[in-house]
Undergrad: 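Got a structure for you, written out below as structure tokens; questions coming shortly.
Quantities reported herein were computed from a predicted structural model and do not represent experimental measurements. Values reported hereafter were calculated over all heavy atoms of this structure, with side chains retained and with hydrogens, waters and symmetry mates removed.
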Amino acid sequence: MNTVYACFCTDVIHEGHLNIIKEAGKYGRIIIGCLSDRALIRYNRFPTMSEKERMELYKTLDGVDSVVLQNDMLYDDVINNIHPDYVIHGDNWKHGAEAAIRSHVETLLLSYGGKIIDVPYTENEQVKKIDLQLKEKLSMPEYRRKRLRQLIEMTDIVKVMEAHSGLTGLIVEKTVIEGDKGKLDQFDAMWISSLCDSTEKGKPDIELIDMTSRFRTIEDIMEVTTKPIIFDGDTGGLTEHFVYTVRSLERLGVSAVIIEDKTGLKKNSLFGTEVEQTQAGIEDFSAKIAAGKKAQLTEDFMIIARIESLILEKGVEDALERAGAFVKAGADGIMIHSRKQEPDEILSFCDRFREDDKDTPLVVVPTSFNVITESELIEHGVNIVIYANQLTRSAFPAMKQTAEDILKYHRAKEVDDRLMSINQIITLIDEI
Ligand code: SPV
Ligand code: MG
């Protein structure tokens, strides 16, 4: 008997999936593949149930003969193992980013005479509603908050991009590209940078923007996104204030706060020793971490300690001593920062840290040492990479050039070629 294979990555079975099963049944024995969590998070939206639970769900479906785990977004593993006679899919994968996957599957099948069956994609109000409900669920605090911890478990490196407004949040949320060999790729989470949040408001990055205003930025982003958030908490302020910040962030559904071991007037780290900056004492900063951990109510929320020893040229030994102390005080992760262009010092810290501590998540922000690749960071035990300011830094020169050119030409025609179209801008934001 012929075999028909379909890959599912849904948490809810709707008419569209049942239709695929019905059609598949006409061709042979049905095998459903459950796309693994690791592949799914880069392909589609984050699952609201585990891959194990999804497999169990698919097994309950009438007409399904067996369920397997599909680890490869491009189907290589299942097609090599199972050699299905047919692969069936909604015809929506003929267009957009998924078209590359379809074409890869087609080539794999061709090598032994297998075929693709495209069934008309089911699009109706009920299907749309289920889709919307799943999205809404992911945006809820209790689902969003725990996602960072889940991502650290699921993927070799959590890729985080800065967002400072609803619009930049949407860019991080929705940007999906066809990456290596046609595999889809996207960011996992958002960083609410103090530098970019301040810059957006036309203010310097000196802990000047008050928490109420920073929370407003978080809310603007949360309104239109589902991805988890890491909040740049600067120094965390007074310990007596930090405990309230922790509670508020937790309630909002933020996944983590990163606080840096500085005291007094904070200036942006990338100034390094060009401006006066004072590092907090190990004991004081450990006490702040411990107070924050004591204040938090859920298991999900993370307090990550950021070490400024390399920024202030105090060396790797100092950074390691601090890292050990901060983990002991309860920090759920360590961020190590540097403004050197060479990543050597950062990597040496990561290697030495990992000699004694295999588990505590490590975070880096490769703004200056931007030659380093994600795979190199993985090799050195890094769990989270934050692209901390690149959206702001790309938008500003583009806007400035446009303003200058309109002044120069006394009209807007000359800049029009590099602008998004009116049609694109008026349809950019979905109406409910
Ligand atoms: C930020 O993005 O605000 C940061 C990272 O704190 S850095 O600007 O490199 O200090
Ligand atoms: Mg900052």
Side-chain angles (χ1 to χ4, degrees), residues 159-179 185-209 213-214 216-218 220-221 224-225 227 229-232 234 258 266-275 277 311 335 337-343 346 364-374 377 385-429:
K159 303 193 293 188
V160 186
M161 172 54 96
E162 71 110 334
H164 54 265
S165 60
L167 186 62
T168 47
L170 279 176
I171 289 180
V172 186
E173 177 82 12
K174 293 195 172 181
T175 303
V176 180
I177 62 140
E178 210 181 278
D185 205 0
Q186 57 181 295
F187 290 106
D188 300 303
M190 294 173 280
W191 163 245
I192 305 194
S193 145
S194 66
L195 171 66
C196 299
D197 204 1
S198 308
T199 303
E200 177 63 18
K201 293 169 172 60
K203 297 276 169 62
D205 181 19
I206 53 170
E207 238 168 343
L208 172 65
I209 309 297
S213 172
R214 304 234 27 226
R216 185 67 240 171
T217 304
I218 297 178
D220 284 346
I221 294 171
V224 294
T225 61
K227 290 185 179 177
I229 289 176
I230 304 177
F231 182 73
D232 177 356
D234 288 322
I258 300 188
K266 187 220 85 147
K267 299 246 173 93
N268 186 276
S269 298
L270 301 175
F271 281 119
T273 50
E274 287 162 26
V275 293
Q277 307 209 55
I311 292 282
M335 172 182 152
H337 205 20
S338 158
R339 64 176 195 135
K340 296 227 166 91
Q341 290 193 331
E342 296 304 321
I346 284 277
V364 298
V365 178
T367 302
S368 308
F369 49 101
N370 54 19
V371 287
I372 193 105
T373 61
E374 289 161 0
L377 291 173
V385 57
I386 300 180
Y387 299 99
N389 47 47
Q390 286 78 5
L391 292 187
T392 297
R393 286 166 60 209
S394 58
F396 186 81
M399 292 195 284
K400 191 159 177 285
Q401 186 66 57
T402 298
E404 284 172 0
D405 285 351
I406 291 176
L407 281 176
K408 184 169 164 191
Y409 295 108
H410 304 284
R411 63 176 188 179
K413 183 176 184 315
E414 283 71 16
V415 303
D416 213 62
D417 282 353
R418 56 176 190 255
L419 307 183
M420 69 195 297
S421 71
I422 294 291
N423 193 39
Q424 276 175 315
I425 186 77
I426 61 178
T427 54
L428 185 68
I429 312 290

Undergrad: Partners of K267 by salt bridge (Lys or Arg N to Asp or Glu O under 4.0 Å), sequence neighbours excluded?
TA: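 So K267 forms no salt bridge (Lys or Arg N to Asp or Glu O under 4.0 Å) with any residue.
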
Undergrad: Side chains of residues 189-197: which donor-acceptor pairs under 3.5 Å do they make with residues two or more places apart or in other chains?
TA:
from: S193; atom 1: OG; to: L195; atom 2: N; distance (Å): 3.1
from: S193; atom 1: OG; to: C196; atom 2: N; distance (Å): 2.8
from: S194; atom 1: OG; to: D205; atom 2: OD1; distance (Å): 2.9
from: S194; atom 1: OG; to: D232; atom 2: OD2; distance (Å): 2.9
from: S194; atom 1: OG; to: D234; atom 2: OD1; distance (Å): 2.8
from: S194; atom 1: OG; to: K266; atom 2: NZ; distance (Å): 3.4
from: D197; atom 1: OD1; to: K201; atom 2: NZ; distance (Å): 2.9
from: D197; atom 1: OD1; to: T217; atom 2: OG1; distance (Å): 2.9
from: D197; atom 1: OD2; to: R214; atom 2: NE; distance (Å): 2.9
from: D197; atom 1: OD2; to: T217; atom 2: OG1; distance (Å): 3.4

Undergrad: Sequence neighbours excluded, which residues qualify as side-chain contact (heavy atoms from CB on, under 4.5 Å) partners of I372?
TA: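 In terms of side-chain contact (heavy atoms from CB on, under 4.5 Å), with neighbours along the sequence ignored, I372 is linked to P343, L347, P366, F369, E376, L377.
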
Undergrad: Restricting to side chain to side chain donor-acceptor pair (under 3.5 Å), what partner residues turn up for E274, sequence neighbours left out?
TA: R339

Undergrad: List in chain and number order the residues that pass side chain to side chain donor-acceptor pair (under 3.5 Å) with H164, two or more places apart in sequence or in another chain; answer none if no residue qualifies.
TA: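 H164 satisfies side chain to side chain donor-acceptor pair (under 3.5 Å) with E162, E200, T392 once adjacent residues are dropped.
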
Undergrad: Report the residues that fulfil side-chain contact (heavy atoms from CB on, under 4.5 Å) with N423, sequence neighbours left out, ordered by chain and then residue number.
TA: S421, I426, T427

Undergrad: Does I422 CD1 have over 12 foreign heavy atoms under 6.0 Å away?
TA: no

Undergrad: With sequence neighbours excluded, tell me which residues meet salt bridge (Lys or Arg N to Asp or Glu O under 4.0 Å) with E178.
TA: none

Undergrad: At what distance, to the nearest 0.5 angstrom, does CD of Q401 lie from CZ of R418?
TA: 5.0 Å

Undergrad: Can you list the residues that meet the salt bridge (Lys or Arg N to Asp or Glu O under 4.0 Å) rule with K203, with sequence neighbours excluded?
TA: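 With neighbours one apart ignored, the set is empty.
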
Undergrad: Under the side chain to side chain donor-acceptor pair (under 3.5 Å) test, which residues partner K400, sequence neighbours left out?
TA: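 Scan of K400 (side chain to side chain donor-acceptor pair (under 3.5 Å), adjacent residues dropped) gives E404.
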
Undergrad: Output all residues satisfying side-chain contact (heavy atoms from CB on, under 4.5 Å) with M420, sequence neighbours left out; order by chain, then residue number.
TA: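 side-chain contact (heavy atoms from CB on, under 4.5 Å) check on M420 returns Q424, I425, L428.
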
Undergrad: Considering residues at least two apart in sequence or located in another chain, which fulfil the salt bridge (Lys or Arg N to Asp or Glu O under 4.0 Å) criterion with D416?
TA: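 Testing D416 for salt bridge (Lys or Arg N to Asp or Glu O under 4.0 Å), a comparison that skips the adjacent residues, returns none.
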
Undergrad: With sequence neighbours excluded, tell me which residues meet side chain to side chain donor-acceptor pair (under 3.5 Å) with Q390.
TA: none

Undergrad: So, T175 side chain and V172 main chain: donor-acceptor pair closer than 3.5 Å or not?
TA: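 Side chain of T175 to backbone of V172, a donor-acceptor pair under 3.5 Å: no, none is there.
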
